[in-house]
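For the numbers below, each heavy atom of this structure counts, side chains included, while hydrogens, waters and symmetry mates do not.
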Amino acid sequence: LPVDLKDTVVGQYLGSDEEPGYLEDEGVPKDSVTPTFATVVLHVKNKRWEGVPFILKAGKALNERKAEIRIQMKTPISHYVSEMAHNELVIRLQPDEAIYMKINTKTPGLKNQLLESELDLTYEERYEKLEIPDAYERLILDVIRGDHQHF
């Protein structure tokens, strides 16, 4: 589906006591309207993914630096509670590569209570004896080997 303007947000970061804002940066025109942050919600039109938002966010000078893909599943119909968190698949590309699934589970026992659980594959914890190269290290190794498939 085409991106709807109501599903997008763009902005520009402001300064604080410790850090200058985008417009205070040397070389940036004082009347610049260049966005430094963007969020867009994408929707896929087919039976499997209908109603599931794909949320992309990117920005400069954010509180944390990360690249990840988050897929929020449809809210399941629950006989236990009226509101619950979405089940969510998260693929973290950097830093600290990981794949994890946040899922709502019923707590054991007779109570009808839900608990958010995680199935977690954090590479650093699972493969602690292996050195996992970052993206640039892999790319440089590909260049040295003459492997052009990633660039």
Side-chain angles (χ1 to χ4, degrees), residues 1-76 78 81-105 114-151:
L1 294 173
V3 176
D4 193 335
L5 199 55
K6 71 177 175 52
D7 290 333
T8 61
V9 173
V10 293
Q12 195 177 81
Y13 69 91
L14 300 174
S16 67
D17 292 337
E18 296 87 34
E19 298 290 327
Y22 180 69
L23 296 177
E24 297 158 349
D25 207 348
E26 249 183 69
V28 174
K30 299 297 177 201
D31 60 346
S32 174
V33 293
T34 301
T36 60
F37 176 83
T39 296
V40 63
V41 180
L42 304 175
H43 301 277
V44 177
K45 189 176 181 180
N46 67 26
K47 284 186 178 184
R48 176 181 295 263
W49 297 107
E50 192 167 342
V52 178
F54 288 76
I55 303 167
L56 306 177
K57 295 181 183 180
K60 182 178 177 180
L62 299 173
N63 290 340
E64 57 184 332
R65 180 190 161 118
K66 65 181 176 180
E68 64 185 20
I69 301 164
R70 291 178 170 265
I71 303 171
Q72 292 182 343
M73 308 302 169
K74 290 181 185 178
T75 303
S78 172
V81 294
S82 59
E83 289 187 31
M84 69 175 78
H86 290 277
N87 291 336
E88 184 175 42
L89 174 64
V90 180
I91 303 166
R92 186 178 321 122
L93 306 173
Q94 62 174 281
D96 306 322
E97 296 90 344
I99 300 170
Y100 59 96
M101 179 90 183
K102 293 181 176 182
I103 55 174
N104 295 299
T105 58
L114 290 178
L115 178 69
E116 188 177 292
S117 299
E118 284 188 9
L119 301 172
D120 188 356
L121 172 60
T122 300
Y123 281 38
E124 193 173 78
E125 292 172 14
R126 174 66 175 94
Y127 304 109
E128 58 187 274
K129 292 189 170 108
L130 294 175
E131 183 178 331
I132 301 170
D134 69 23
Y136 289 110
E137 287 176 302
R138 285 187 214 125
L139 186 63
I140 291 169
L141 184 59
D142 286 345
V143 169
I144 292 169
R145 290 180 174 162
D147 184 352
H148 299 270
Q149 68 180 346
H150 296 121
F151 59 91

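Not one N or O on the side chain of D7 forms a donor-acceptor pair closer than 3.5 Å with the backbone of L42. Panel note: side chain T36, backbone K60; no donor-acceptor pair is recorded below 3.5 Å.
The two residues N104 and N87 come nearest to each other via the heavy atoms N-OD1, 2.9 Å.
Atom CE in M101 sits 10.5 Å away from atom CD1 in I91 (nearest 0.5 Å). Separation of atoms CZ (R70) and CD1 (I55) is listed at 9.0 Å; rounding is to 0.5 Å. Atom CG in L121 sits 11.0 Å away from atom CZ in R92 (nearest 0.5 Å). Here the OG1-CD distance, from T122 to E97, works out to 10.5 Å after rounding to the nearest 0.5 Å. Atom CG of D4 is separated from atom NZ of K6 by 4.5 Å, given to the nearest 0.5 angstrom.
Under the 4.5 Å side-chain criterion, counting only non-hydrogen atoms from C-beta, E116 is not in contact with E88.
Remark: I71 engages W49, V52, F54, I69, M73, L89 in a side-chain contact (heavy atoms from CB on, under 4.5 Å) (not counting sequence neighbours). Residues satisfying the side-chain contact (heavy atoms from CB on, under 4.5 Å) test with I144, not counting sequence neighbours, are I140. For E118, the salt bridge (Lys or Arg N to Asp or Glu O under 4.0 Å) test picks out no residue, with sequence neighbours left out. For the side chain to side chain donor-acceptor pair (under 3.5 Å) test, no residue two or more places apart in sequence or in another chain qualifies with T8. When the side-chain contact (heavy atoms from CB on, under 4.5 Å) test is applied to S32, the partners found at least two apart in sequence or on another chain are Q12, Y22, L23, V28, P29, T34. Residues forming a side-chain contact (heavy atoms from CB on, under 4.5 Å) with E24 (at least two apart in sequence, or on another chain): P20.
Within a 6.0 Å sphere centred on NZ of K57, other residues, nucleotides and ligands contribute 12 heavy atoms or fewer.
Under the side chain to side chain contact (heavy atoms under 4.5 Å, CB included) test applied with D147, the options D142, L139, L141 reduce to a single match, D142.
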